[in-house]
Amino acid sequence: MTVVAHKPAPAVADAPKVKAKARATGRSSAATWIWNLLGLGFALVMAFPIYWMIITTFKTNKDLIAQDPTFWPSSFSFESYKTVLNDTEFWPSLQNTLFITLGAVAMGLIVGFLAAIGVARFNFRGRSFFIVTMLVVQMVPLLALIVPLYVVMNNAGMTGTLVGVMLAYLVFTVPYVVWTLRSFIVNIPAELDEAAMVDGCTQWGAFFRIILPLTLPGLITTGVYSWIQAWNEFIVANTLLATGGQKTAMAWLTFYATTPTRGADYGAQMAGALLVSLPVIVLFVFFQKKVSAGLTAGAVKG
C-alpha cells in the first residue's frame, strides 16, 4: 500500500489572502499615510491661531501695521509685554482671578466630593432625582442664570465682592464635581470600606485610607477642569463685580481691548491674552498624565 504524503501549500499562496485581510482591517500603508497627513494638516490648521497670537506679541509696530502680513517678525520686540505688565489694573485683576478660582475650586471639590460619596454609597429617597438634577443643571446655559444669581447675591449683600463671585461659581463647579466623582466612587467596592472598619477603622478612617486615595485621579481631573471653567469665566464675574469696581483677568482683558488708547494695539492685546491664559496652560500640561488617567479611571461602570 502506497502512502502519499500531502505537503502543505506554500506560504506564497496565502500571501494575497494576507494582503486582502490587511486591507480589510485597515492596515494598508497607503491609507495610513493618507490619514497621518490629514491629521497633520488638521493639527496645523488648529495650531495656526495660537502661533499667530504668540508671534504677534513679538512684532514691532511696523510689522503690525504693515499692509502685507508677515509670518515672522523682522525683529523681536518685548514692548507689548512691557505695556501689559506696566498696566496698573493687570496685576490686581490677576490676583482677583487667582483668589476667586482657588476658592471656587476648593469649595467645589469639598462640597461636591462629599455629595458624590452620599449619592454613591447611600440609598435615600429622591436619590435618582438628585442625580438627574445634577446633569440637568449642567445643561442650563450660564447666561440664563445671571438674573437669578444677581438677585440672590444682591439680597445677600454680596454683589461687588470677590467672595460673592466665588460662591456664584459653585453653581457650575459643584454639579460637575458630583456627576464626575460619583462614577469613581461607584467603582470602588463597598467591601473595602467594610474590611477597613472590621480592622478597626472608623467611617472617617475608611474615607481617608480607602476612598480618598482611590479617588485621587478623579479629584485631580475634576479640579483641573473646574479651574479652567472658573479661570476663563467672564459673564458672572463681570455682572457681579460691576458695582464694586473690581475686575477679573478676563474682564480686564475685555475692557483693555476696547479702550480708545489700546484698541489698535494688537501686540499688547495678544500679550495680555497669552499672559492670562498661561496659568491654565501650565496647569493642564503639568497634570496632563493624571488628567488622562482620571478620564478613563471612572469610565467602566456607573
### Side-chain donor or acceptor of Thr202 paired with backbone N/O of Gly205 under 3.5 Å
yes

### Task
Could you tell me how the ring of Phe78 sits relative to the ring of Phe58: parallel (under 30°), tilted (30 to 60°) or perpendicular (over 60°)?
perpendicular

### Summary
CD (Glu233) and OG1 (Thr101) are apart, to the nearest 0.5 Å, by 9.5 Å

### Query
Do the non-hydrogen side-chain atoms of Met270 and Ser80 ever get within less than 4.5 Å of each other?
no

### Task
Take Phe172 and Leu145 through the side chain to side chain contact (heavy atoms under 4.5 Å, CB included) test and state the conclusion after the steps.
CA-CA 10 Å; Phe172 58 83; Leu145 303 176; over 6 Å; no

### Query
Distance-only, no hydrogens or angles: does the Arg127 side chain make a donor-acceptor pair with backbone N or O of Val119 under 3.5 Å?
yes

### Message
Using 0.5 Å steps for rounding, measure from the NZ atom of Lys247 to the CZ atom of Phe234.
### Response
10.5 Å

### Task
For Arg121 and Ile185, indicate whether the former's side chain and the latter's backbone hold a donor-acceptor pair under 3.5 Å.
yes

### Task
Would you mind reporting whether Leu135 and Met139 have side-chain heavy atoms less than 4.5 Å apart?
yes

### Query
Roughly how far, to the nearest 0.5 Å, is CG of Leu167 from CE of Met107?
5.0 Å

### Query
To the nearest 0.5 Å, how far apart are CG in Leu275 and CG in Leu94?
8.5 Å

### Pairs satisfying side chain to side chain donor-acceptor pair (under 3.5 Å), at least one member in residues 46-59, at least two apart
Thr57-Tyr81

### Task
Might you confirm whether atom CG of Leu143 has over 12 heavy atoms from other residues, nucleotides or ligands at distances under 6.0 Å?
no

### Query
Hey, do the aromatic rings of Phe113 and Phe207 have their centres closer than 6.0 Å?
yes

### Task
Answer with yes or no whether the hydrophobic clustering places Tyr176 together with Val132; edges join I, L, V, M, F, W, Y residues whose side-chain heavy atoms lie under 4.5 Å apart.
no

